[in-house]
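What follows is a single structure, written as structure tokens, with notes after it.
For the numbers below, each heavy atom of this structure counts, side chains included, while hydrogens, waters and symmetry mates do not. The residues of the chain are indexed from 1 along the displayed sequence.
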Amino acid sequence: MGKSQYITKHDKSTKIVLRVTIIGILANLVLVILKSVFGFIFGNLSVLSDAVHSASDLFTSLFIIVAVFISSPKRDKEHNYGHEKVEYLFVLFFAVVIAVVGGLLAWQGVEGIVSPKKSEFNWYLVSVTVASMVIKEGLFWYEIYYAKKTGSEMLKADAWHSRSDSLSSVAVLIGLVCANFIKTNIAESIAVLIVSLMMFKVAYDIAKPALNQLTDRAASDKTIEKIKEVTLSVSGVNSVESLRTRLFGKSIFVDLIIGVNGNLTVNEAYEIAETAHNALEATEELTIKHCVVSVKPSNEI
């Protein structure tokens, strides 16, 4: 894929991410208001804590908007390859937020199991909680769809943050329903503890690929084999002498040394290298942002 094509695709993806994020912000704002009002009126701490969780979703969504502009693909004097890796710093931030919220929920769950409190069934609170669960689950599928379409790890992380909020609402709902029978919040506390463990798993799954990006991990074996296949298909390339790759955002960087006939002129060898370079960047499935092809004399025919 050529450089201009890459930037055009990135710009389109940026607009989609911004649109989806703004819709998420509006949905979370409505939920924060509803949960806070009803939780305060009926003095229910679990619904109020769920409102705080939705507020954290609102907070991280605002960070996405900031991150989208900071991680623009445009180069500058201080950042010759652009700013895309900033996205993965924000993804790590999301993972930490989810882990922290999971830790707070775990503490709340253990405390509720050790010292259960009285709880009563309330249709208003149940209705608000069900509405939250449905909206947040819908938001998760909406965000995850566009995360896959645009390749945005930030949007994917935010989608899982929405899913964690949906799960916490499930825990609150279980507690509210069970309160009708056992009159305490122990069932809710157990559910909250289970949800917190799920959130730790989500945080790990989000953080792992971000760390791979920030530590310049190589491309997958499948991608490397494809690079070799495309390179060797170019007329005049006798061998792939050296191949190094590193992940860079949603794309990869390639450093390649090819073997060519040692009797060729400099211009002829250069043309072969240029053809290999163009062939690799034109292979859309490889999503190569930058490729350097060097030549080495080879006796192979």
Side-chain angles (χ1 to χ4, degrees), residues 1-17 67-89 148-154 209-301:
M1 183 185 299
K3 180 181 174 183
S4 61
Q5 291 174 301
Y6 178 84
I7 293 177
T8 299
K9 183 177 179 181
H10 187 282
D11 289 343
K12 290 180 180 178
S13 297
T14 297
K15 291 178 182 178
I16 293 173
V17 171
V68 163
F69 289 104
I70 294 177
S71 60
S72 166
K74 297 177 182 178
R75 302 181 300 172
D76 57 36
K77 185 177 179 181
E78 289 77 25
H79 304 88
N80 295 168
Y81 295 102
H83 305 74
E84 289 170 80
K85 282 198 173 184
V86 172
E87 175 178 349
Y88 293 92
L89 290 175
K148 291 178 179 178
K149 186 173 181 178
T150 61
S152 172
E153 291 295 327
M154 283 191 299
L211 286 171
N212 287 338
Q213 290 281 352
L214 294 171
T215 53
D216 287 340
R217 181 167 180 168
S220 66
D221 291 340
K222 181 180 179 181
T223 299
I224 290 174
E225 287 304 314
K226 183 65 178 178
I227 292 173
K228 290 180 178 179
E229 177 189 329
V230 173
T231 303
L232 292 172
S233 69
V234 175
S235 178
V237 176
N238 294 336
S239 61
V240 173
E241 297 291 328
S242 174
L243 173 59
R244 292 187 299 173
T245 63
R246 60 188 175 96
L247 299 176
F248 190 89
K250 294 176 264 307
S251 57
I252 56 176
F253 275 55
V254 177
D255 291 307
L256 176 67
I257 299 177
I258 58 174
V260 299
N261 191 320
N263 295 319
L264 296 175
T265 65
V266 172
N267 284 337
E268 290 171 334
Y270 173 79
E271 287 179 5
I272 293 173
E274 185 72 4
T275 301
H277 171 276
N278 293 338
L280 287 169
E281 291 202 343
T283 305
E284 190 167 348
E285 61 187 284
L286 291 176
T287 321
I288 293 175
K289 181 175 183 181
H290 186 67
C291 179
V292 176
V293 182
S294 305
V295 296
K296 179 179 180 181
S298 170
N299 294 325
E300 296 181 26
I301 299 176

Work out which heavy atom in [X] is nearest to a heavy atom in [Y]; give both atom names and the distance.
| X | Y | answer |
| --- | --- | --- |
| Cys291 | Leu280 | SG-CD1, 3.7 Å |
| Gly262 | Pro297 | CA-CB, 4.0 Å |
| Ile224 | Ala219 | CD1-O, 3.7 Å |

Legend entry - Separation between CZ of Arg246 and CD1 of Ile252, rounded to the nearest 0.5 Å: 11.0 Å
Inset, instruction - Sort out for me which residue in Thr231, Val293, Leu256 forms a side-chain contact (heavy atoms from CB on, under 4.5 Å) with Val237. - result: Thr231
Inset, instruction - For Leu264, check side chain to side chain contact (heavy atoms under 4.5 Å, CB included) against everything at least two apart and list the hits. - result: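 Val260, Asn261, Glu268, Ile272.
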Legend entry - Those residues that, when tested against Ser242, pass side chain to side chain contact (heavy atoms under 4.5 Å, CB included) (two or more places apart): Ile257
Legend entry - Any Ile227 side-chain heavy atom under 4.5 Å of Val240 side chain: no
Inset, instruction - For the residue pair Leu286 and Val254, establish whether any side-chain heavy-atom pair is separated by less than 4.5 Å. - result: no
Legend entry - Partner residues of Ser235 under the side chain to side chain donor-acceptor pair (under 3.5 Å) criterion, sequence neighbours left out: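 Here no residue qualifies.
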Legend entry - Pairs where residues 219-228 contributes a residue and the test side-chain hydrogen bond (donor to acceptor under 3.5 Å, both in side chains) is met, not counting sequence neighbours: Ser220-Thr223
